[in-house]
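Residue numbering restarts at 1 for every chain, and letters A, B, ... go by the order of the sequence lines.
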2 protein chains.
Amino acid sequence: MLKTKKGEQDLSTEERIKEAAKKLFTQQGFEATKTRDIAEAAGINLALLNYYFRSKKKLFELVMKENIQLFLGVIVEHFENKNLSFEEKVAFVADHYIDMLLENPDLPSFVQQHIKTRPAPGEEAKGPAAQKIQLIRKYFIEDIEDGIKRGIYKDVHPMHVMANLMGLIIWPFTSTTMLMAKAGISNRKEFERMMHERKKLIPMWIQAMFRK
Amino acid sequence: MLKTKKGEQDLSTEERIKEAAKKLFTQQGFEATKTRDIAEAAGINLALLNYYFRSKKKLFELVMKENIQLFLGVIVEHFENKNLSFEEKVAFVADHYIDMLLENPDLPSFVQQHIKTRPAPGEEAKGPAAQKIQLIRKYFIEDIEDGIKRGIYKDVHPMHVMANLMGLIIWPFTSTTMLMAKAGISNRKEFERMMHERKKLIPMWIQAMFRK
DNA sequence: CATAAATTTAAACAAATGATTAAATGTCTT
DNA sequence: AAGACATTTAATCATTTGTTTAAATTTATG
């Protein structure tokens, strides 16, 4: 059986390249991913990468943009909803975010690895990623400080709450490679079951840590 | 004023190369670090890198080994101490580990990024990193399961406890670049103060989450 | 069908990169 | 001081890597 010319899936070559690039960039980072690897993974001629996307860097920036939206977009959407209480937001984020990360487990390492550019001293950070993070921070601080004033939450810096929530959700994914690879938890299923458990546990833990 | 021939610090050239390599590898990873960058950072002739360490890969493996020891060694040492209660271990680890990470903030991302080799299916993971992680897991599970049996701790999978402790300690460091760079927390001092606070907070949080 | 446009291919280029070589310089021992 | 050994240097090599080119092929259009 021969592969037909259009072969593989019925994605356009442009989409095939982008998907292959996203997979490799996300798994291995910019430097470790070679244009020839992308071409091979996409099943296309090397020159087509430049034909459609001009350069490796341009292609990476496209992937980056989509990953940032995936990684930060969901949180922003949930936290700007004024109709939800803080604890409802926590439950929503824990639930949806863990689902999303189970399907994109390499996302956290990728984002952490590539958002490294500090804004010039005295200047504001620009760009979609910066704006999203600032928004998340803003909503978060508003909610927590409100809870503290009303005597519901213990008086801690809101950043602790934010760091703990994000850490409890995301940390297992950034360390999973390490733990799974080296500690004999070769059982992917077991990891997934644990993460589903955490959807319900994390909201309880946040309460236990920060409610008076 | 001229730099003397031996110049810079009074480290041997071999040590200078290793230190420069450690800094760059740890910050940027293997692929992004070029041998010429290392040579320039160390202030040595390019050929000396190969003269002393044979190859970039060999040099990297050396740095990797030292970083693994730094990253996992402390935890193992504390957790294999049979004279401490679990909660004393937690307090010790939180305290010492945060201090160490404040001096080596790029360590977590580095280790996460480079421990990716899974053991072959059915096979055991070997090597110093694997052994250390397995040890930590073992001690951890023993302590928690003991606490659960004695009715002191809630009945949750020990991996949740381990993931949460490590996450609360390490997560701020893997996300600090992101938060500091993009969210306007340009204040390194503020971050450090927060991390010192967490030394005392984390043991309390662990209790709040897992004690009956 | 014929022609223009879009897409794909094989080949090649220039720069970057890890490594090596042979000569030069430095250090140590006797 | 002389010779042996270790260290350092400048130059060069062979590959790898991102990109370009020109021709071939396919697809769209009149």
Given [options], the nucleotide with the shortest approach to the side chain of [X]:
X	options	value
A/Ser55	D/dT9, D/dT21, D/dT19	D/dT19
B/Tyr51	D/dG18, D/dT7, D/dT20	D/dT7
B/Ala47	C/dG18, C/dT20, C/dT9	C/dT20
B/Asn50	C/dA19, D/dT8, C/dA10	C/dA19

Just how far, in rounded Å, is [atom2] of [N] from [atom1] of [X]?
X	N	atom1	atom2	value
A/Arg54	D/dT20	CZ	P	7 Å
A/Asp37	D/dT16	CG	P	12 Å
A/Phe53	D/dT19	CZ	P	13 Å
A/Asn45	D/dA23	CG	P	17 Å
A/Lys56	D/dT20	NZ	C1'	17 Å
A/Ile38	D/dT16	CD1	P	18 Å
A/Lys34	C/dA15	NZ	C1'	14 Å
A/Arg16	C/dT7	CZ	P	14 Å

**Report entry** Charged N-O contact under 4.0 Å between B/Glu14 and B/Lys18
**Finding:** no
Requested in this report: Using a strict cut-off of less than 4.0 Å between a Lys/Arg side-chain nitrogen and an Asp/Glu carboxylate oxygen, indicate whether B/Glu197 and B/Arg193 qualify as a salt bridge.
Outcome: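 Answer for the salt bridge query: yes.
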Query raised in the report: Within a reach of under 6.0 Å around NZ of A/Lys23, are more than 12 heavy atoms found that belong to other residues, nucleotides or ligands?
Result: no
**Report entry** Lys NZ or Arg CZ of B/Lys56 over B/Phe25 ring: under 6.0 Å, within 45°
**Finding:**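 The answer is no, since B/Lys56 fails at least one limit relative to B/Phe25.
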Query raised in the report: With nearest nucleotides of DNA chain C determined for A/Ile44 and A/Arg36 from heavy-atom distances, which residue corresponds to the more 5′ nucleotide?
Result: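 This one resolves to A/Ile44.
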Query raised in the report: So what does B/Leu49 touch, heavy atoms closer than 4.0 Å: a base, only the sugar-phosphate, or nothing?
Result: nothing
Query raised in the report: B/Tyr52 near the nucleic acid: base, sugar-phosphate alone, or nothing, with a heavy-atom cut-off under 4.0 Å?
Result: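 If one applies the 4.0 Å heavy-atom cut-off, B/Tyr52 turns out to touch the sugar-phosphate alone, with no base involved.
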Query raised in the report: Is it true that B/Phe92 and B/Tyr97 have ring centroids separated by less than 6.0 Å?
Result: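 So the answer is no for these two rings.
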Report task. Return no unless some side-chain N or O of A/Thr13 is found under 4.0 Å from OP1 or OP2 of C/dT8. Result -> yes
Report task. Give a yes/no on whether any side-chain N or O of B/Thr35 is located under 4.0 angstrom from OP1 or OP2 of C/dG18. Result ->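 Indeed, a polar side-chain atom of B/Thr35 lies that close.
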